[in-house]
Number of protein chains: 2
Amino acid sequence: METTAALKALGALAQETRLGIFRRLVQAGPGGLAAGAIGEALDVPAPTLSFHLAQLANAGLVRSRQEGRFVFYSADFDAMNGLVGFLTENCCGGNLCAPQAAACGPTITTRKGTKR
Amino acid sequence: METTAALKALGALAQETRLGIFRRLVQAGPGGLAAGAIGEALDVPAPTLSFHLAQLANAGLVRSRQEGRFVFYSADFDAMNGLVGFLTENCCGGNLCAPQAAACGPTITTRKGTKR
DNA sequence: CCATTATTTCGATCAAATTGGAAATATGGA
DNA sequence: TCCATATTTCCAATTTGATCGAAATAATGG
């Protein structure tokens, strides 16, 4: 992820309502949620919600798809991974995150070096 | 890291000049740089620089210490780690980062342009 | 003290983001 | 077609953010 995209993603998440929306979408999983369901869950008026969803979409953090009368929004996990990668590089200068790698969790090393 | 702190950190980094300042400080390492050196490196007028440094400090991403006539600013790596951890949890719902764990990975994504 | 350098505060101005009501635009069903 | 529901666009008010000159504050050495 390059700087411009990272700036847009950071800006998109740096707002309470949008961060709430995104968290909700992450929680909802790949299927996402209909716009109305998000607005109801977070108690955000439709026009305001639409505005924020557009910002998130423009930043590449969410995707939308029409399904019947509904528009479903879902988190773009790849984009989020890209952002985390960008920050990790900016935090660590391209190397491992300092002291604790807690952020990367108990994890994943799917059996040694099987990258990808 | 709690939501409020994460929002402040995201907001602090979601600005071109501030992101540039922070990257420079990360690159400078724990010792940091004098305010003047940062301003000169990034060509930012003193008042503007002071404003942005204050924002970064308020967000907890940088620390400052007086040294002689200079005020040195340095990146707070723990805070940055905290932010990455927060995003990772919000990206993965507290579990593994989806498909590829590239960000945490075996690393060394020495990409051209990472430097400087 | 005084001069010099480093940084911050003040203040004014301009630009951009956020908000939500009212109205417009889909979409699918009766 | 007409209706009901879902979502977006339009618009205008309000708030918040960014910029930087000028002046103020801090630190040091002469």
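Every chain is numbered from 1 and lettered A, B, ... according to where its sequence line falls, protein lines coming before strand lines. Side-chain atoms are counted along with the backbone in the values below, which use heavy atoms only and exclude waters and symmetry mates.
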Requested in this report: Report yes if the side chains of A:L42 and A:T17 come closer than 4.5 Å at any heavy-atom pair, otherwise no.
Outcome: no
Query raised in the report: Any side-chain N or O of A:R18 less than 4.0 Å from the OP1 or OP2 oxygen of C:dT18?
Result: yes
Query raised in the report: Where the side chain of B:Q66 is defined as all heavy atoms beyond and including C-beta, which of C:dT7, C:dT18, D:dA27 is the nearest nucleotide?
Result: D:dA27
Query raised in the report: Can B:E67 and B:R65 be counted as an ion pair, charged N to O under 4.0 angstrom?
Result: yes
Query raised in the report: Touch check for A:P47, heavy atoms < 4.0 angstrom, all strands: base, sugar-phosphate only, or nothing?
Result: base
Query raised in the report: B:E40 has an atom CD; how far is it from atom C1' of C:dT7, in whole Å?
Result: 15 Å
Query - Selection from C:dT7, D:dA18, C:dT19 that lies nearest to any side-chain heavy atom of A:F51 - result: C:dT19
Query raised in the report: Just to confirm, is there a sub-4.0 Å distance from OP1 or OP2 of D:dA18 to any side-chain nitrogen or oxygen of B:T48?
Result: no
Query raised in the report: Of the nucleotides D:dC20, D:dT7, C:dG20, which one has an atom closest to the side chain of A:P45?
Result: C:dG20
Query raised in the report: So, is B:H52 near the phosphate of D:dG17, with a side-chain N or O under 4.0 Å from OP1 or OP2?
Result: no
Query raised in the report: How would you label the contact of A:A35 with the nucleic acid (heavy atoms, under 4.0 Å): base, sugar-phosphate, or nothing?
Result: sugar-phosphate
Requested in this report: Please state how far atom CD in A:Q15 lies from atom C1' in D:dT15, giving the value in whole angstrom units.
Outcome: 12 Å
Requested in this report: Rounded off to whole Å, could you give me the CZ-to-P distance for the B:R65 and D:dA27 pair?
Outcome: 15 Å
Query - Exercise: identify the closest heavy-atom pair between B:F22 and B:A75 - result: CE1-CB, 3.9 Å
Query raised in the report: Where do B:L49 and B:A35 come nearest, in terms of heavy atoms and distance?
Result: CD2-O, 3.1 Å
Query raised in the report: What's the closest nucleotide to the B:R69 side chain, out of D:dA27, D:dT7, C:dT7?
Result: D:dA27
Requested in this report: Take A:G11 and A:G68, find for each the nucleotide of DNA chain C with the closest heavy atom, and name the residue whose nucleotide sits nearer the 5' end.
Outcome: A:G11
Query raised in the report: Under 4.0 angstrom, heavy atoms only, what part of the nucleic acid is A:Y73 near: base, sugar-phosphate, or nothing?
Result: sugar-phosphate
Query raised in the report: So what does A:A34 touch, heavy atoms closer than 4.0 Å: a base, only the sugar-phosphate, or nothing?
Result: sugar-phosphate
